[in-house]
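Scroll down for the structure; my scribbles are underneath it.
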Amino acid sequence: MKRIFYIDFLRIISMLGVILLHASATKLRMPIDFSWHLVNFLTSFATCSVPIFFMISGSLLLNSDSTANINILWKKRLPKLLIPFFIWSIINIIGYSFILKINNLKLLLISILQIPGRPGEISLWFMYPFIIIYVFSPVLLLITQNKSLLKYVLFIWLIFVIILPTFNNILPFPLKLIFSTSQDWKIIGGYAGYFLLGYYLSKIDTQKISYKRLLIVFLSIIFVIALGTYFFT
C-alpha cells in the first residue's frame, strides 16, 4: 500500500495526545487554578487521540482488498496484533509486581492467565476493542461496499453512541432518563463506528471542504470540551 503522509502525521499527533492525556490526568483532579485551566485547554485538543487511531485503522484496512481474505486476517494481521499485545501485557504485569514488591508467583500467573479477558495494564484497554474489530473487519468491509448502508450504519452510530449518551451525561435528573440508551447500542464500545468513519472520511473530496468553516467548527468543539470539563468539575 502506498504511504500516506497525513496518516503518519495523524499517528504522531495522536501518540503525543495520548501521552498528554495520561500526563495531565493528575492535574485535572486537583483544585482549579490557572495551571488547571491551561491543562484543561490543552487536553481538549487531545481527547480525539484514541478515536483517531481507530479511524486510521479503518481507513487503511477497509481500503485494502486483502481485508476480505480471512486467511490473511488470521495468519498475518492478527498475529502482528496479538503477539506484541501479550508480550507487553506480561512485561507490565511482571514490572508492576516488581515495583510493588509482590512476591506471589501464583498471583502473577493468575494475572497472566487473565490477559484474554482483562488488561494486564489499564492503559492497554484499547487493544480489546481493536482485536474484536480486526476479527470482524471482513464483515465491516461488506458494509463499506454499499454507500447507502454505510451512511445508515454511521447515522445509527452517531445517534445512539454519540448524541443521545452526550445528552444523558449533561442533563440533570430526571431529564437524562429521556436520553438513556441500552449499552447494546454501542457496538464494541462505539469504536467500530470510528473504524467505519475513518473509511468514510478517506473517501471525501477534500477540494470541496471549506477549511475556514472547518477551523471554526474545530475551535468551537475545543471550546465546548474545555468549558464542559470545567462545568462538570
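Here, residue 1 is the first one in the sequence, and each next residue gets the next number.
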List, one per line, each side-chain donor-acceptor pair under 3.5 Å for residues 67-75, sequence neighbours excluded.
unit_1	atom_1	unit_2	atom_2	d
T67	OG1	L61	O	2.3
T67	OG1	S64	O	3.2
T67	OG1	R77	NH1	2.9
N69	OD1	N71	N	3.0
N69	OD1	I72	N	3.2

Over all heavy atoms of both residues, which pair between [X] and [Y] is shortest? Give the atoms and the distance, please.
X: S137; Y: L62; value: O-CD2, 3.9 Å
X: W36; Y: T233; value: CZ2-OG1, 3.5 Å
X: Y128; Y: G117; value: CE2-C, 4.2 Å

| field | Main-chain N/O of S59 paired with N63 side-chain donor or acceptor, under 3.5 Å | value | yes
Report yes if the side chains of [X] and [Y] come closer than 4.5 Å at any heavy-atom pair, otherwise no.
X: F126; Y: P119; answer: no
X: W157; Y: L197; answer: yes
X: L42; Y: S24; answer: no
X: S35; Y: K27; answer: yes
X: F155; Y: K151; answer: no

Which atom pairs, one a donor and one an acceptor, fall under 3.5 Å between side chains of residues 140-150 and the rest of the protein, sequence neighbours left out?
unit_1	atom_1	unit_2	atom_2	d
T144	OG1	L141	O	2.6
N146	OD1	S148	N	3.1
N146	OD1	L149	N	3.1

Notebook entry, point to check: Is it the case that one hydrophobic cluster holds both I170 and I163, taking links as side-chain heavy atoms less than 4.5 Å apart, direct or via other members?
Noted result: yes
Result for ring pair (Phe, Tyr, Trp, His ring centres under 6.0 Å) between Y191 and one of W125, F136, F130 points to W125
Show every donor-acceptor pair shorter than 3.5 Å between a side-chain atom in residues 204-223 and any protein atom, with sequence neighbours excluded, or say none if there are none.
unit_1	atom_1	unit_2	atom_2	d
D205	OD1	Q207	N	3.1
S210	OG	R213	N	3.4
S220	OG	I216	O	2.7

Applying salt bridge (Lys or Arg N to Asp or Glu O under 4.0 Å) to R118 and not counting sequence neighbours gives none
Show every donor-acceptor pair shorter than 3.5 Å between a side-chain atom in residues 43-57 and any protein atom, with sequence neighbours excluded, or say none if there are none.
unit_1	atom_1	unit_2	atom_2	d
T43	OG1	V39	O	2.9
T43	OG1	N40	O	3.0
S44	OG	N40	O	2.8
S44	OG	A226	N	3.4
T47	OG1	S44	O	3.2
S49	OG	A46	O	2.7
S57	OG	F53	O	3.3

Sequence neighbours excluded, the answer for side-chain contact (heavy atoms from CB on, under 4.5 Å) partners of T26 is M30
